[in-house]
Novice: 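Have a look at the structure that comes next, please.
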Amino acid sequence: MSQGALPGFRDFYPDQLATRNYLMLVWRDIARRYGFVEYDGPPLEPLELYTKKSGEEIVGQLYTFTDKGGRQVALRPEMTPTLARMVAAKANAMRKPIRWFSIPQLFRYERQQKGRLREHFQLNVDIIGESSVAADAELLAVAIDIMRAVGLTSKHVRARVSDRRLLTSLLVSAGVEENELARVFAAIDKTGREPREVTRDKITAAVASEDARKSIERLLANAKDLDALAKEFASSPQVLEEIARMREYLAFLAALGVGDWIDFDLSIVRGLAYYTGNVFELFDATGEFRAICGGGRYDDLLATIGGVDLPALGFGMGDVVLTEILRGRNLLPTPVLSAEYWVAAEDESMLSEVMRVAGRLRAKSRSVEYALKPQTLSRQLKSASSAGVTSVVLLRRPDYQNGKVTVKTMADGSEQNVGLDAFLDSL
RNA sequence: GUGGCUGUAGCUCAAUUGGUUAGAGCACCGGACUGUGGCUCCGGGGGUUGCGGGUUCAAUUCCCGUCAGCCACCCCA
């Protein structure tokens with residue numbers, strides 16, 4: 001075997017690149033429909049851009065090196081810090097809310113596995129400078145509309161939504177102490193993926209109060225039932241306020257036409273520490289794939305990174321998992337990699353005439369191939385056929401001298417003798 | 001970082017209890033069907049059996065290591 005790409009990195013052969021381009025086309029189109037504009041930043045950033053937010057431990061998962069100027073640099077593992085910097089630099093000058101999206105290639109030095117490589121392309125969609133619930137609904141609608149655009153339905157994909165403010169108010173109301181919250185969050189985040197006993201053990205370890213633990217049990221039992229939670233914890237005004245916010249969010253999502261994709265699920269917490277409010281994930285309904293997309297509100301992050309205090313929310317959607325799902329469901333379009341026309345000549349000495357005709361077709365924006373070496377007509381047609389062109393423009397010496405060519409449609413073999421000029425004008 | 005499974009041509013797979021120059025289909029290139037493709041037939045290129053050691057008269061086949069891939073854990077994009 002010859003050596004391939006580095007582990008976790010991909011070679012994109014033409015058909016694979018066509019798939020990637022297709023996805024990006026959809027991403028750009030849907031983002032555009034929602035009024036988002038595209039930006040980009042450098043793939044290489046100062047290391048401290050990432051350590052400032054996440055601490056030193058993240059360095060182990062970054063591609064880092066010292067450049068020739070002695071700077072510590074890293075290949076970007078996520079886009080948000082770059083976004084924060086760019087927005088912060090011109091925050092005052094920009095109309096709010098800012099609706100930006102980007103499709104960066106991101107890098108992470110980790111053991112690769114299904115749906116997760118060391119490099120991927122990720123759509124990032126962010127709204128900055130708007131704290132209203134409508135913004136949260138708008139953001140999630142973008143992600144769901146992308147699912148629709150690639151042919152997935154609400155049966156295939158579910159959006160699970162929650163809100164850390166709601167979860168926090170519920171836990172506080174249940175009697176969990178401030179300093180216990182983080183560990184309870186972590187335990188709840190894993191609820192769907194590990195046995196109930198493990199979750200219970202973790203909560204027992206994290207929470208001192210017996211009563212609080214019992215409340216958490218009831219809370220988890222009703223994690224997908226907003227009405228039940230409202231009833232159960234009706235004594236807390238804080239909880240009721242948060243539930244009202246969630247109801248408004250769900251109502252807005254319905255108004256945006258994506259209501260049937262949504263499942264309320266309090267156990268969605270998301271690993272990233274910087275989420276402050278609404279959080280959501282998009283999952284394949286069969287559960288055999290990783291999350292397609294994840295995001296939420298991070299109102300404090302811009303102040304931390306960029307030094308500008310603006311509320312913000314966003315999501316990331318990677319190309320790897322989405323491509324796997326679409327391939328599994330046979331929803332990837334067959335890429336068209338063939339030229340439209342093949343110019344052939346009956347007479348092997350007519351190569352320069354072939355070139356002239358090819359040139360005129362190309363000037364008409366048509367994609368054209370022809371045999372680069374002298375070949376029999378039989379061979380040329382064989383090549384044209386295997387190249388997959390839809391039509392062959394055939395030159396015969398006497399006809400061509402009279403300005404005529406034969407246009408052959410490969411699908412049915414039909415031929416038409418036409419004037420070259422008229423044919424070109426018809427394109 | 002931990003553990004399990006796997007590794008033969010570009011792809012999908014063969015190769016009798018370890019036994020002679022590792023085969024086939026598809027793909028690719030070319031020829032024939034005497035200058036209009038898709039069919040058919042013929043031929044060709046392409047493998048130090050992932051790599052490195054070991055056991056053996058003999059290793060694709062057994063053992064060890066290593067690399068890579070897949071899966072799970074960890075962690076998250």
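Proteins come first, then strands; the chains are lettered A, B, ... in the order of their sequence lines, and each starts at number 1.
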Novice: Any salt bridge linking A/Glu110 with A/Arg118? Criterion: basic side-chain nitrogen under 4.0 Å from a carboxylate oxygen.
Specialist: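 Salt bridge between A/Glu110 and A/Arg118, a charged N being under 4.0 Å from a carboxylate O: no.
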
Novice: Between B/C11 and B/U16, how many Å separate the two C1' atoms, rounded to a whole number?
Specialist: 27 Å

Novice: Side-chain N or O of A/Lys373 versus OP1/OP2 of B/C29: is the shortest distance under 4.0 Å?
Specialist: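 Looking at the OP1 and OP2 atoms of B/C29, neither is under 4.0 Å from any side-chain N or O of A/Lys373.
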
Novice: Mind listing the closest non-hydrogen atom pair of A/Leu377 and A/Glu346 along with its distance?
Specialist: CD2-CG, 4.0 Å

Novice: Take atom C1' in B/C67 and the same atom in B/U21, then report the distance between them in whole Å.
Specialist: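 So the two C1' atoms sit 30 Å from each other.
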
Novice: Output the rounded distance in Å from CG (A/Leu106) to C1' (B/C76).
Specialist: 13 Å

Novice: Using atom CG of A/Asp189 as one end and atom P of B/C74 as the other, report the distance to the nearest whole Å.
Specialist: 11 Å

Novice: Does a side chain donor of either A/Thr66 or A/Gln72 reach within less than 3.5 Å of an acceptor in the other side chain?
Specialist: yes

Novice: Counting distance alone, no hydrogens or angles: does the base of B/U36 have a donor or acceptor under 3.5 Å from a partner atom on the side chain of A/Glu346?
Specialist: no

Novice: Determine, for A/Asp136 against A/Arg297, whether the closest basic-nitrogen to carboxylate-oxygen distance falls under 4.0 angstrom.
Specialist: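 Yes, charged N to carboxylate O under 4.0 Å.
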
Novice: Locate the shortest heavy-atom distance separating A/Met147 from A/Leu282; write the atom from each residue and the value.
Specialist: CG-CD2, 3.7 Å

Novice: Can you tell me the distance, in whole Å, between the CG atom of A/Asp11 and the P atom of B/A68?
Specialist: 15 Å

Novice: Any base atoms under 4.0 Å from A/Met410, or only sugar-phosphate, or nothing? Heavy atoms, all strands.
Specialist: base

Novice: Could you tell me how far B/A14 sits from B/A22 if I compare only their C1' atoms? Round to whole Å.
Specialist: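 B/A22 and B/A14 have their C1' atoms separated by 10 Å.
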
Novice: Please tell me whether A/Arg396 and A/Gln401 have a donor and an acceptor in their side chains that are separated by less than 3.5 angstrom.
Specialist: no

Novice: Please determine which of A/Ile127, A/Val87, A/Asn124, A/Val125 meets the side-chain contact (heavy atoms from CB on, under 4.5 Å) test together with A/Trp100.
Specialist: A/Val87

Novice: Side chain of A/Glu110 only, heavy atoms from C-beta on: which candidate in B/G35, B/C75, B/C71 is closest?
Specialist: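 Nearest listed nucleotide: B/C75.
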
Novice: At 4.0 Å (heavy atoms only), tell me whether A/Leu377 reaches a base, stays on the sugar-phosphate, or touches nothing.
Specialist: base

Novice: In whole Å, I'd like the distance from the CD1 atom of A/Ile268 to the P atom of B/C76.
Specialist: 15 Å

Novice: Pairing of RNA chain B as dot-bracket, 5' to 3': ( ) intra-strand, [ ] crossing, | other strand, . unpaired, with Watson-Crick or G-U pairs under 3.5 Å?
Specialist: (((((((..((((.....[...)))).(((((.......))))).....(((((..]....))))))))))))....

Novice: NA contact type, A/Gly413, heavy-atom cut-off 4.0 Å: base, sugar-phosphate, or nothing?
Specialist: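 Base contact - A/Gly413 has a heavy atom under 4.0 Å of at least one base atom.
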
Novice: Within the structure provided, determine whether A/Pro104 and A/Phe121 are in side-chain contact (heavy-atom separation under 4.5 Å).
Specialist: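 No, every pair of side-chain atoms sits at 4.5 Å or beyond.
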
Novice: Between B/U36 atom C1' and A/Leu395 atom CG, what is the distance in whole Å?
Specialist: 13 Å

Novice: What string of B, S and - do you get for nucleotides 1-6 of chain B, 5' to 3', when a contact is any protein heavy atom under 4.0 Å?
Specialist: BBB---

Novice: Can you tell me how far P of B/G30 sits from NZ of A/Lys382, to the nearest Å?
Specialist: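 Interatomic distance, NZ of A/Lys382 to P of B/G30: 10 Å.
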
Novice: For the residue pair A/Gln105 and A/Glu119, confirm or rule out a side-chain donor-acceptor distance under 3.5 Å.
Specialist: yes

Novice: Taking CD from A/Gln61 and C1' from B/C76, how many angstroms apart are they, rounded to a whole number?
Specialist: 7 Å

Novice: Let me spell it out: for each of A/Arg116 and A/Gln375, pick the nucleotide of RNA chain B with the closest heavy atom. Which residue's pick is nearer the 5' end?
Specialist: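 Between the two, 5'-proximity favours A/Gln375.
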
Novice: If we count only N and O atoms by modelled type, under 3.5 Å, do the side chains of A/Asp126 and A/Tyr298 hold a donor and an acceptor together?
Specialist: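 Side-chain D/A pair, A/Asp126 to A/Tyr298: present.
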
Novice: Hey, does the Lys NZ or Arg CZ of A/Arg366 hover above the aromatic six-ring of A/Tyr341, less than 6.0 Å from the centre and inside 45° of the axis?
Specialist: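 The answer is no; the distance or angle limit is not met.
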
Novice: Provide the distance between the two C1' atoms, one in B/U49 and one in B/A15, to the nearest whole Å.
Specialist: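 To the nearest whole Å, 11 Å.
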
Novice: In this structure, how many angstroms lie between the C1' atom of B/A68 and the CZ atom of A/Arg10, rounded?
Specialist: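 Computing the A/Arg10:CZ to B/A68:C1' distance gives 18 Å.
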
Novice: Which comes earlier along RNA chain B counting from the 5' end, the contact point of A/Leu117 or that of A/Phe9, where each point is its nearest nucleotide?
Specialist: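 Nearest nucleotide further toward 5': that of A/Phe9.
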
Novice: Classify A/Arg76 by what it touches in the nucleic acid, base, sugar-phosphate, or nothing, heavy-atom distance under 4.0 Å.
Specialist: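 Counting heavy atoms under 4.0 Å across all strands, no contact is made by A/Arg76.
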
Novice: Does A/Gln112 make a side-chain N or O approach to OP1 or OP2 of B/C71 shorter than 4.0 Å?
Specialist: no

Novice: Between B/C28 and B/G23, how far is it from one P atom to the other, in whole Å?
Specialist: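 B/C28 and B/G23 have their P atoms separated by 24 Å.
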
Novice: Do A/Glu45 and A/Thr82 have a side chain donor and acceptor closer than 3.5 Å?
Specialist: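 Side chains of A/Glu45 and A/Thr82: pair found under 3.5 Å.
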
Novice: Say we look at B/G3 and B/C74: how far apart would their P atoms be, to the nearest angstrom?
Specialist: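 Nearest-Å result for B/G3 against B/C74 at atom P: 16 Å.
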
Novice: Report the nucleotide, chosen from B/A72, B/U36, B/G37, that has the shortest atom-to-atom distance to any side-chain atom of A/Ser385.
Specialist: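 Minimum distance to the A/Ser385 side chain belongs to B/G37.
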
Novice: Taking the same atom, P, in B/G31 and in B/G50, what whole-Å distance lies between them?
Specialist: 36 Å

Novice: OP1 or OP2 of B/C76 versus the side-chain N and O atoms of A/Arg290: is any pair under 4.0 Å?
Specialist: no

Novice: Using the P atom as the point on both nucleotides, what is the distance between B/G45 and B/U40, in whole Å?
Specialist: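 Straight-line distance between the two P atoms is 23 Å.
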
Novice: Mind checking A/Gly295 for me? I need base, sugar-phosphate or nothing, with any heavy atom below 4.0 Å counting as a touch.
Specialist: nothing

